[in-house]
Amino acid sequence: MKQAIFLYNAQSGKGHIEWNIEKILAIFREHGYNIQPQPIDFATNPFDGNETIDLMVVAGGDGTVNFVVNAMRKRNLDIPLGIIPAGTANDFAHALGLSSNPLEAACQIASGEEDRVDCGRVNDIYFVNIFSFGIFTTTSQRTSNDSKHRIGKLAYLIEGVKEFRSMHAVPLQVVADGEAFDINSLMVLVFNGETAGGFHLARRSSIKDGYFDCLMLEKRNFLHSTLAMGRYLLGGNPKIVHHLRAQKIEIVSTINEPTDVDGQPGAEFPLSIECLAGALRVICPK
């Protein structure tokens, strides 16, 4: 019988996952898994004592998935992950084609098939969906769980508007796959997936192509920069929103700007960002 752990974050999303624990366990047991529930403890490694399991089922948002991936890498393990979306945005789970309904997602995983997808790494930190810095990029860290529980993705927008007060450019020296350039950027988004906070920003990104899609918003005056980002979100291609695709990106700056990985505190400058093609084992719907 296949051995599995059901690791769940009861604080993710609106905390509804606890209502479905027994039903989720029953689904996996019907598909031949000996599965044990385990509430997540961010102070310990969930793979301690679980090094030989056949599947780690994770119920939570992108931050929870990020924690699990980094915990697994610290143990040099390569265990398949099944992601049950239970957060606010669930960008990575949606990129895998999983249902927003936790019970449907459990069925998709229990009867699904293994695949390999890309994983990002910045310095010594791994990420599954997005690495970022500049305006809006620490929004997820600043947004309270209470706000996310009450109003969902709108909480990100409200918190993001507040960050306009501290808008400033970050001088960057960038080398992307050997091509060097300088830019004063208000925001940098490095996508492995396609969305951030549930909003579709990376138009051509894929978690299976071995490349990052990177957006850099160049600093102009406040109105010009704001309108340019708005035009991009509406499908336009303003010149000051720079887009590049790369496997490896090196970034140096005179400012040690705070960074973000999947909604969690990220790496410090200088930054070495690499797309690890096919580095993550996941269970996807058939």
Side-chain angles (χ1 to χ4, degrees), residues 4-21 24-25 28 35-48 50 53 55-75 77 79-106 108-109 117 119-122 125-132 137-149 152-153 155-156 192-193 195-198 207 259-266 279-284:
I5 295 294
F6 175 51
L7 187 72
Y8 62 95
N9 183 356
Q11 301 304 313
S12 289
K14 296 183 179 180
H16 292 169
I17 195 64
E18 284 191 303
W19 302 352
N20 292 303
I21 290 176
I24 290 171
L25 295 176
F28 281 93
I35 187 167
Q36 301 299 322
Q38 181 176 315
I40 197 164
D41 179 358
F42 291 102
T44 62
N45 192 311
F47 291 93
D48 288 348
N50 296 321
I53 59 173
L55 175 66
M56 176 67 80
V57 181
V58 183
D62 292 316
T64 303
V65 177
N66 177 283
F67 169 76
V68 173
V69 169
N70 279 277
M72 181 167 62
R73 290 301 180 187
K74 286 179 181 177
R75 294 290 182 269
L77 299 172
I79 293 171
L81 299 178
I83 312 299
I84 295 179
T88 303
N90 307 302
D91 293 298
F92 186 62
H94 293 158
L96 296 175
L98 291 161
S99 170
S100 298
N101 182 295
L103 298 183
E104 291 180 5
Q108 289 175 317
I109 296 166
V117 298
C119 183
R121 180 175 62 196
V122 52
I125 300 175
Y126 294 85
F127 63 98
V128 295
N129 191 62
I130 185 172
F131 168 76
S132 59
T137 60
T138 56
T139 298
S140 181
Q141 298 176 35
R142 299 172 190 267
T143 305
S144 69
N145 283 332
D146 180 62
S147 294
K148 288 187 284 187
H149 290 173
K153 290 186 286 187
Y156 293 135
N192 183 43
T195 59
I207 55 175
T259 68
D260 182 281
V261 287
D262 297 330
Q264 307 300 311
L280 201 59
R281 295 169 71 192
V282 294
I283 306 298
C284 296

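For reference, positions follow the sequence shown, starting with 1. Quick note: numbers below take in every heavy atom, side chains included, and nothing from hydrogens, waters or symmetry partners.
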Tell me every residue that passes salt bridge (charged side-chain N to carboxylate O under 4.0 Å, His left out) with Asp48, counting only those two or more places apart in sequence or in another chain.
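Asp48 satisfies salt bridge (charged side-chain N to carboxylate O under 4.0 Å, His left out) with Arg75 once adjacent residues are dropped.
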Report the distance from atom CD1 of Ile84 to atom CD of Glu104, rounding to the nearest 0.5 Å.
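Interatomic distance, Ile84 CD1 to Glu104 CD, rounded to 0.5 Å: 12.0 Å.
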Close side-chain approach of [X] to [Y], heavy-atom, < 4.5 Å:
X	Y	result
Leu98	Ile109	yes
Ile35	Ile5	no
Asn129	Asn192	no
Pro46	Asp41	no
Gln108	Ile283	no
Ile130	Val261	no
Asp262	Phe131	no
Leu103	Ile24	yes

Can you name the closest pair of heavy atoms from [X] and [Y] and give their distance?
X	Y	answer
Asn50	Gln38	ND2-OE1, 3.5 Å
Glu18	Ala10	CD-CB, 3.6 Å
Leu280	Cys119	CB-CB, 4.4 Å
Ile83	Ala93	CG2-CB, 3.9 Å
Ser99	Ala105	O-CB, 3.6 Å
Ile40	Leu7	CA-CD1, 3.9 Å

How far apart are the C-alpha atoms of His94 and Leu96, what are their side-chain angles, what is the distance that settles it, and do they pass the side-chain contact (heavy atoms from CB on, under 4.5 Å) test?
CA-CA 5 Å; His94 293 158; Leu96 296 175; over 6 Å; no
Just checking Phe6 against Phe28, ring centres under 6.0 Å apart?
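So the answer is no for these two rings.
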After noting the C-alpha distance and the side-chain angles of Thr259 and Val122, does the key distance pass the side-chain contact (heavy atoms from CB on, under 4.5 Å) rule?
CA-CA 10 Å; Thr259 68; Val122 52; over 6 Å; no
Output yes when a side-chain donor or acceptor of Asp91 lies under 3.5 Å from a complementary backbone atom of Gly193, and no otherwise.
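Side chain of Asp91 to backbone of Gly193, a donor-acceptor pair under 3.5 Å: no, none is there.
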Check whether Asn20 reaches the backbone of Ile17 with its side chain - one donor and one acceptor, N or O, closer than 3.5 Å.
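Here the side-chain-to-backbone pair does not exist.
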Restricting to side chain to side chain donor-acceptor pair (under 3.5 Å), what partner residues turn up for Asn70, sequence neighbours left out?
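Scan of Asn70 (side chain to side chain donor-acceptor pair (under 3.5 Å), adjacent residues dropped) gives Asn66.
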Taking only residues two or more places apart in sequence or in another chain, which ones pass side chain to side chain donor-acceptor pair (under 3.5 Å) with Arg73?
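Counting only residues at least two positions away or on another chain, Arg73 forms no side chain to side chain donor-acceptor pair (under 3.5 Å).
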Criterion side-chain contact (heavy atoms from CB on, under 4.5 Å) on Phe47 and Lys74, from CA distance to verdict
CA-CA 10 Å; Phe47 291 93; Lys74 286 179 181 177; over 6 Å; no
